[in-house]
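A short worksheet on the structure shown next.
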Number of protein chains: 2
Amino acid sequence: MSDEDRAIARERVIESMEQSAEVYGLSRSAGRIYGVLYFSEEPLSIPELVDETGYAKSTISNVTRTLTRIGLIHRRSSAGGGRRVHYTAEREIWFSLQDVFQQYVLREIQTTLRTIRRAQAQLPADSGTESERIEELQETYEHFQEIVTLASDFTAAELRDALESYDR
Amino acid sequence: MSDEDRAIARERVIESMEQSAEVYGLSRSAGRIYGVLYFSEEPLSIPELVDETGYAKSTISNVTRTLTRIGLIHRRSSAGGGRRVHYTAEREIWFSLQDVFQQYVLREIQTTLRTIRRAQAQLPADSGTESERIEELQETYEHFQEIVTLASDFTAAELRDALESYDR
DNA sequence: TCGTTTGTTCGGATAGAGCCGAATAAACTG
DNA sequence: CAGTTTATTCGGCTCTATCCGAACAAACGA
């Protein structure tokens, strides 16, 4: 009974992880796989994940790869002695979020900045509105870059502290 | 000649906006429409946007709606005297980003928190690992909620300041 | 060595998003 | 009051992401 209650509670939370995954640009399967690993006592292999999630082997293989790349889960090669690969969930989600920001957002910001600077350089100093607008945009993006770069050195607690204690 | 240069520079930047739009979960058309409005001297109507972007009227109508909802562009109903709707770009992108965070991320965080709390409440105080894990998750999400809530009250400059001047 | 288990890669089916054109609604102009 | 211009909505087409099953590769155990 209590056992079943626990299973239900677990299932609810995992479902909400599926939902969250979509918001952050991942697939539902990614949300579920992460969720199952999050609640698992021990590291799980791909066949075990197939059992637990109901997804096909190939899906598990692909999704675990991207989740590993992002840093949301970790590969533990050969835990016991077998040749199986085992996966565990990163519980400090903050670190993964930082990585995602580093990898996607910061990269996008820098690519855009490069384009903007190049476009700006090919225009005479004061060539009408275009130039002004581009310069405006450049400043905005330099601002973003600073913020993201600074923020990625903070833990979640530090960041909250910094925001809470800041006196304008 | 210089005119053409300006057009080229403008086009480059708009293309990079199309790219950025995809990273932030918007369509390429959204990026281009925003870009055209960003560089436009005056507010533009839907037919004018059709000319400038090459997209169909219906596409412009739909995309402007979502961009308006997000806050990246603004509706100016009846600028001159006609019944036309005109659109302008919000140049302070920071405000829009905050809105998006408020609307999507914060909302997602709060939905998840509600689910977690409900699941937690239905479990006895110390029912094994599930309970611990869920509690752990709850703390993490409460942390996130604080950070996002705090950050949404800051301007970009203030946020940078807060991060720069924070002494651990 | 051969069969079994595990993991990756490939092609294809399906669902959803993005975009278009046509139909409709609504407001202005003569 | 027509006729025109503007804006939204609807159905359909196309392209992409997701997921599956099958084929393949690699490592283990008897």
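Because the structure is predicted, anything quoted here is derived from the model rather than measured. Below, chains carry the letters A, B, ... as their sequence lines are ordered, and counting in each starts from 1. As a basis for the values below, the full set of heavy atoms in this structure was taken, side chains included, without hydrogen atoms, waters or symmetry mates.
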I want to verify a distance call: between [options], whose nearest atom is closest to the [X] side chain?
| X | options | result |
| --- | --- | --- |
| A:Asn62 | D:dT8, C:dT9, C:dC19 | C:dT9 |
| B:Thr59 | D:dC20, C:dC20, C:dT9 | C:dC20 |
| B:Val85 | C:dT8, D:dA7, D:dG21 | D:dA7 |
| A:Arg84 | D:dC19, C:dG21, C:dT5 | C:dT5 |
| B:Ser58 | D:dC20, C:dC20, D:dA23 | C:dC20 |
| B:Pro47 | C:dG21, D:dA7, C:dT8 | D:dA7 |
| A:Arg75 | C:dT8, C:dT9, D:dT8 | C:dT8 |
| B:Ser27 | C:dT9, C:dG7, C:dG18 | C:dG18 |

d([atom1], [X]; [atom2], [N]) in whole Å:
| X | N | atom1 | atom2 | result |
| --- | --- | --- | --- | --- |
| B:Lys57 | C:dA26 | NZ | P | 15 Å |
| B:Leu49 | D:dA7 | CG | C1' | 13 Å |
| A:Leu44 | C:dT6 | CG | P | 13 Å |
| A:Glu22 | C:dA15 | CD | P | 16 Å |
| A:Ile46 | D:dA27 | CD1 | C1' | 14 Å |
| B:Tyr55 | C:dA17 | OH | P | 18 Å |
| A:Ile60 | D:dT18 | CD1 | P | 15 Å |
| B:Arg32 | C:dC20 | CZ | P | 12 Å |

Looking at [X], does any N or O in its side chain come under 4.0 Å of the phosphate oxygens OP1/OP2 on [N]?
| X | N | answer |
| --- | --- | --- |
| A:Ser29 | D:dT18 | no |
| A:Arg65 | C:dT9 | yes |
| B:Ser61 | D:dT8 | yes |

Should the pair [X]-[Y] be classified as a salt bridge under the 4.0 Å nitrogen-to-oxygen rule?
| X | Y | value |
| --- | --- | --- |
| A:Lys57 | A:Glu48 | no |
| B:Arg32 | B:Glu11 | yes |
| A:Arg160 | B:Glu142 | no |

### Message
Please check: side-chain N/O of B:Glu90 versus main-chain N/O of B:Glu92, any donor-acceptor pairing under 3.5 Å?
### Response
yes

### Query
So, is the end of the A:Arg76 side chain (NZ or CZ) under 6.0 Å from the ring centre of A:Tyr87 and within 45° of the ring's axis?
no

